[in-house]
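Take a look at the structure below.
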There are 2 protein chains.
Amino acid sequence: MSDKPQTRIQAKNRAAILAAGLDAFSKYGFRGTTLDQIAEAAGLSKPNLLYYFPSKDAIYTALLERLLDTWLDPLIAMKADGDPVEEILAYAMRKLEMSRDYPRESRLFANEILQGAPHIAGHLSGDLRALVDEKAVVINGWAAAGKIAPVDPHHLIFSIWSLTQHYADFEVQVNAVLGREDWYDDAGAHLDALLRARLQARVPG
Amino acid sequence: MSDKPQTRIQAKNRAAILAAGLDAFSKYGFRGTTLDQIAEAAGLSKPNLLYYFPSKDAIYTALLERLLDTWLDPLIAMKADGDPVEEILAYAMRKLEMSRDYPRESRLFANEILQGAPHIAGHLSGDLRALVDEKAVVINGWAAAGKIAPVDPHHLIFSIWSLTQHYADFEVQVNAVLGREDWYDDAGAHLDALLRARLQARVPG
DNA sequence: CGTTGGTTTGACCAATTGGTCAAATCAAGA
DNA sequence: TCTTGATTTGACCAATTGGTCAAACCAACG
């Protein structure tokens with residue numbers, strides 16, 4: 001994927017288009033987003049927008065690829081040779097940070113999955129599955145060594161995904177129910193206690 | 001809300017439209033769904049569809065209202081006079097059952113929230129918030145009485161929402177990562193262990 | 001059988017959709 | 001300054017969108 005040299009104008013406009021596209025696609029999904037919408041938010045005319053990206057699909061695909069490129073980094077960073085509980089907790093906290101710092105990316109991903117993952121189905125059953133399986137082995141090893149309580153590693157990972165992404169994807173609901181928007185620290189503390197209790201549950205016998 | 005008398009044909013066609021609409025809206029959201037799409041799936045012509053519902057919005061609204069009508073039932077059913085841990089666990093299991101039995105409804109809700117909850121914002125900060133606050137008092141009471149470990153009740157409820165709805169909203173991803181589709185029982189066992197560990201965590205001191 | 005009210009449809013509409021294209025404009029280096 | 005290539009735009013297009021309407025159809029009851 002060699003980055004072709006870009007003029008300043010290209011860099012600026014492509015960035016503006018991707019930013020506008022992320023805003024729109026993350027809210028309305030691929031089909032619910034229009035080129036005019038993106039063009040206006042990016043401050044460009046529609047033909048001008050299509051000068052930088054050949055099609056609506058190209059914008060969407062570019063955003064998804066950029067996302068997938070970093071989406072798995074927090075899980076990749078969970079290392080077998082660290083302290084098990086702290087490694088898992090640190091992973092959960094990194095995911096929670098991503099929900100705070102990149103909520104639109106999280107919602108873009110959620111939208112894509114809701115629609116049946118038409119653009120990234122292969123990625124899910126390929127890269128993603130392989131990575132999760134690999135980390136499941138690590139978690140199973142920790143459990144076998146008595147470092148954490150026995151746990152289904154796949155569902156543990158699903159739990160971390162759901163608990164953290166919820167704060168980005170359902171942000172509107174969280175804000176409405178809590179009546180405020182400064183709940184991030186509370187969420188982190190709650191998540192920490194929840195996972196810690198499960199991982200350190202005394203094994204009966 | 002008096003149900004007007006309906007002919008058999010009306011009942012059948014309205015049901016077919018709502019079913020088709022649920023399919024489409026839950027995948028593609030409001031803006032990403034077309035009337036032609038719904039009409040074809042319902043086996044009706046577009047003008048015929050519009051004979052039963054005055055607009056696309058009316059179909060969507062009808063679905064949302066039908067959903068909200070039962071969406072909170074599991075939480076409402078959580079009673080203060082039961083055994084705390086079992087009440088909370090039973091609530092989580094009811095939500096998980098809803099993810100299994102009504103995944104499209106869950107995705108419809110998720111789509112609405114992702115788009116910023118334009119149709120149900122009032123409901124979120126009204127009914128929903130009131131109900132959650134009410135149950136938070138109950139949970140706080142259980143904690144104060146030493147029946148469960150101290151826990152942030154709002155975030156505990158968010159956790160149950162996210163953990164359970166994840167299996168409906170991200171079903172495609174779960175299937176892809178696990179490589180199979182018969183994971184419901186495992187999910188239930190995992191959820192049970194996770195919440196139980198947290199609720200029964202020994203209070204230090 | 002005829003009528004009446006519920007049901008269905010083909011034709012149609014204005015607005016919007018994703019996308020094209022040639023012409024015009026602009027920026028910057030020779 | 002002139003030129004060249006990058007950038008921008010107005011005009012345009014076919015297809016699709018949500019929605020309308022009058023006419024036709026149909027089921028059932030008197």
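Lettering follows sequence order; numbering is per chain, from 1. Side chains are part of it too, since the values below use all heavy atoms of this structure and drop only hydrogens, waters and symmetry mates.
- For CZ of B:R8, the number of neighbouring non-hydrogen atoms (other residues, nucleotides, ligands) closer than 6.0 Å is 12 at most.
- The side chain of B:S45 contributes an N or O atom lying less than 4.0 Å from OP1 or OP2 of C:dT9.
- For the OP1/OP2 pair of D:dT7 and a distance below 4.0 Å, the side-chain nitrogens and oxygens of A:N48 include no atom meeting the criterion.
- In summary, the side chains of B:Q37 and A:R31 do present a donor paired with an acceptor at a separation below 3.5 Å, with no hydrogens or angles considered.
- Salt-bridge formation is not detected for the pair B:D101/B:R94: no Lys NZ or Arg NE/NH1/NH2 atom is positioned less than 4.0 Å from an Asp or Glu carboxylate oxygen.
- A cation-pi arrangement, defined by a distance under 6.0 Å to the six-membered ring centre and an angle within 45 degrees of its axis, is present between A:R14 and A:F53.
- Note on A:K79 versus A:D81: no salt bridge recorded, every NZ/NE/NH1/NH2 to OD/OE distance being 4.0 Å or above.
- For D:dT7, one of the phosphate oxygens OP1 or OP2 lies less than 4.0 angstrom from a side-chain nitrogen or oxygen of A:Q10.
- For the pair A:L44 CG and D:dT7 P, the computed distance is 12 Å after rounding to whole Å.
- Residue contacts shown for A:Y52 are limited to sugar-phosphate atoms, with no base heavy atom under 4.0 Å away.
- Not one side-chain nitrogen or oxygen of A:N13 sits closer than 4.0 Å to the OP1 or OP2 atom of D:dA6.
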Completion exercise
B/S/- along nucleotides 18-30 of chain D (protein heavy atoms under 4.0 Å) is BBBB---------

Handout entry: Secondary structure string for DNA chain C (Watson-Crick or G-U under 3.5 angstrom, | for other-strand pairs)
Key = ||||||||||||||||||||||||||||||

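- A salt bridge links B:E171 with B:R107: the distance from a Lys NZ or Arg NE/NH1/NH2 to an Asp or Glu carboxylate oxygen falls below 4.0 Å.
- Regarding B:E40, its CD atom lies at a distance of 14 Å from the C1' atom of D:dT16, rounded to whole Å.
- A:S159 pairs by the side chain to side chain donor-acceptor pair (under 3.5 Å) definition with B:H190, not counting sequence neighbours.
- At the phosphate of D:dT8, neither OP1 nor OP2 sits under 4.0 Å from any side-chain N or O atom of A:Y51.
- Shown here is B:K27, whose NZ atom has no more than 12 heavy atoms of other residues, nucleotides or ligands within 6.0 Å.
- Counting only N and O atoms by type, the side chains of A:D186 and B:H154 include no donor and acceptor under 3.5 Å apart.
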